[in-house]
Amino acid sequence: YMGRREYRETLRAHADESGRPFGGRQRRVEIEFYVGAGARDFPREQTDEGFLLAISRYVNTNVFFALNGDQLTNLDLSDVADFHVRHNAIATMVVTNPQCPYGHIQVDDKSNAVGFMEKPHCLHAFCNTGIYVFNKQILQYLPEKGNIEETTFPSLAKKRQLKVYPFKGLFITVNTYKDLATAEQEL
């Protein structure tokens, strides 16, 4: 388990002396990392209030990352930052195709099982990874209390100010012991 402070320090360790993350490629903007508080730290109805206060207090750049902090991924954050800046949106959400928790059975028109796929990725659906790039304008859209997935994101989507960055690489959310075991196998 890595706490928020350790996670933040790990991310910062991958930035060069100028503060540019992951390899020091030139940026038109400085990117700030904020590792958000998870559900264990705040009751659900206060999570976004903590997020709003944290951005107001600790984020000093116009563009910054926010991460839920319970993911393991090989996502290149530099690519996501470039995408966000290029699209000039208020928010960019990293999305991926979720893995179905069940095996699929292919059936023919006579009800015969003809094939099996064990827990495939659902290629027709995207899920939110909990990895975001925000412009500081996001403060105008965050609720004082409540869930940004139910308030902020739908509002930004209507205004075409929420971009999605599709990601096909390694993405594991560690919420259960089984998730942790899977993550340890991958690493």
Side-chain angles (χ1 to χ4, degrees), residues 1-8 10-11 29 31-73 75 77 79-81 83-85 87-102 121-180 182-183:
Y1 173 75
M2 186 184 303
R4 286 192 316 256
R5 179 173 292 168
E6 294 167 293
Y7 192 69
R8 182 175 57 238
T10 300
L11 289 173
V29 295
I31 303 292
E32 174 94 10
F33 289 98
Y34 168 71
V35 180
R40 288 185 298 266
D41 299 317
F42 293 107
R44 182 68 181 160
E45 65 275 7
Q46 294 179 3
T47 301
D48 298 320
E49 182 178 52
F51 187 57
L52 179 64
L53 290 173
I55 294 170
S56 300
R57 289 181 186 167
Y58 301 112
V59 175
N60 299 318
T61 59
N62 186 45
V63 177
F64 61 98
F65 277 96
L67 304 113
N68 285 353
D70 59 354
Q71 312 96 336
L72 295 174
T73 182
L75 174 68
L77 293 176
D79 289 343
V80 181
F83 177 92
H84 178 77
V85 170
H87 287 89
N88 196 32
I90 294 172
T92 297
M93 173 189 295
V94 178
V95 299
T96 194
N97 299 108
Q99 186 168 4
C100 183
Y102 307 105
H121 284 274
C122 299
L123 301 178
H124 63 279
F126 285 114
C127 70
N128 178 358
T129 65
I131 302 170
Y132 312 101
V133 185
F134 293 131
N135 287 0
K136 209 148 186 196
Q137 290 171 279
I138 194 74
L139 290 170
Q140 299 168 25
Y141 296 90
L142 293 176
E144 287 188 33
K145 288 189 178 189
N147 183 325
I148 63 174
E149 287 87 356
E150 295 173 358
T151 57
T152 304
F153 293 151
S155 176
L156 290 174
K158 284 181 187 174
K159 296 175 186 263
R160 303 292 190 251
Q161 287 297 311
L162 175 63
K163 297 293 182 187
V164 295
Y165 180 90
F167 176 63
K168 300 286 186 194
L170 175 71
F171 177 77
I172 302 170
T173 300
V174 181
N175 291 317
T176 67
Y177 180 77
K178 185 177 179 181
D179 295 340
L180 181 60
T182 300

Nearest heavy atoms of A125 and P98, plus distance in Å: O-CD, 3.4 Å
May I have the list of side-chain donor-acceptor pairs in residues 130-140 shorter than 3.5 Å, sequence neighbours left out?
unit_1: Y132; atom_1: OH; unit_2: N128; atom_2: OD1; d: 3.4
unit_1: Y132; atom_1: OH; unit_2: N128; atom_2: ND2; d: 2.8
unit_1: N135; atom_1: OD1; unit_2: H84; atom_2: NE2; d: 2.6
unit_1: N135; atom_1: ND2; unit_2: A89; atom_2: O; d: 3.0
unit_1: K136; atom_1: NZ; unit_2: V59; atom_2: O; d: 2.5

Using 0.5 Å steps for rounding, measure from the CG atom of N147 to the CZ atom of F153. 9.0 Å
Return the CD1 to CG distance between I172 and L72, rounded to the nearest 0.5 Å. 6.0 Å
N/O donor-acceptor pair under 3.5 Å between T92 side chain and K163 backbone: no
Nearest 0.5 Å, what's the OG1-CG distance between T173 and N68? 8.0 Å
Could you grab the distance from atom OG1 of T129 to atom CZ of F167, nearest 0.5 Å is fine? 8.5 Å
Please report the closest heavy-atom contact between V95 and F126, naming both atoms and the distance. CG2-CD2, 3.6 Å
Please report the shortest heavy-atom distance between I148 and P143, naming the atom on each side. CG2-CD, 4.0 Å
For K158, check side-chain hydrogen bond (donor to acceptor under 3.5 Å, both in side chains) against everything at least two apart and list the hits. none
Checking T73 side chain against L170 main chain: does a donor-acceptor pair fall under 3.5 Å? yes
N88 and Q161 have their tightest heavy-atom pair at O-OE1, 3.8 Å
Under a 3.5 Å distance rule, please check whether S155 uses its side chain to pair with a backbone N or O of T151 as donor and acceptor. no
Do V94 and T96 make a side-chain contact, defined as non-hydrogen atoms from C-beta onward lying under 4.5 Å apart? no
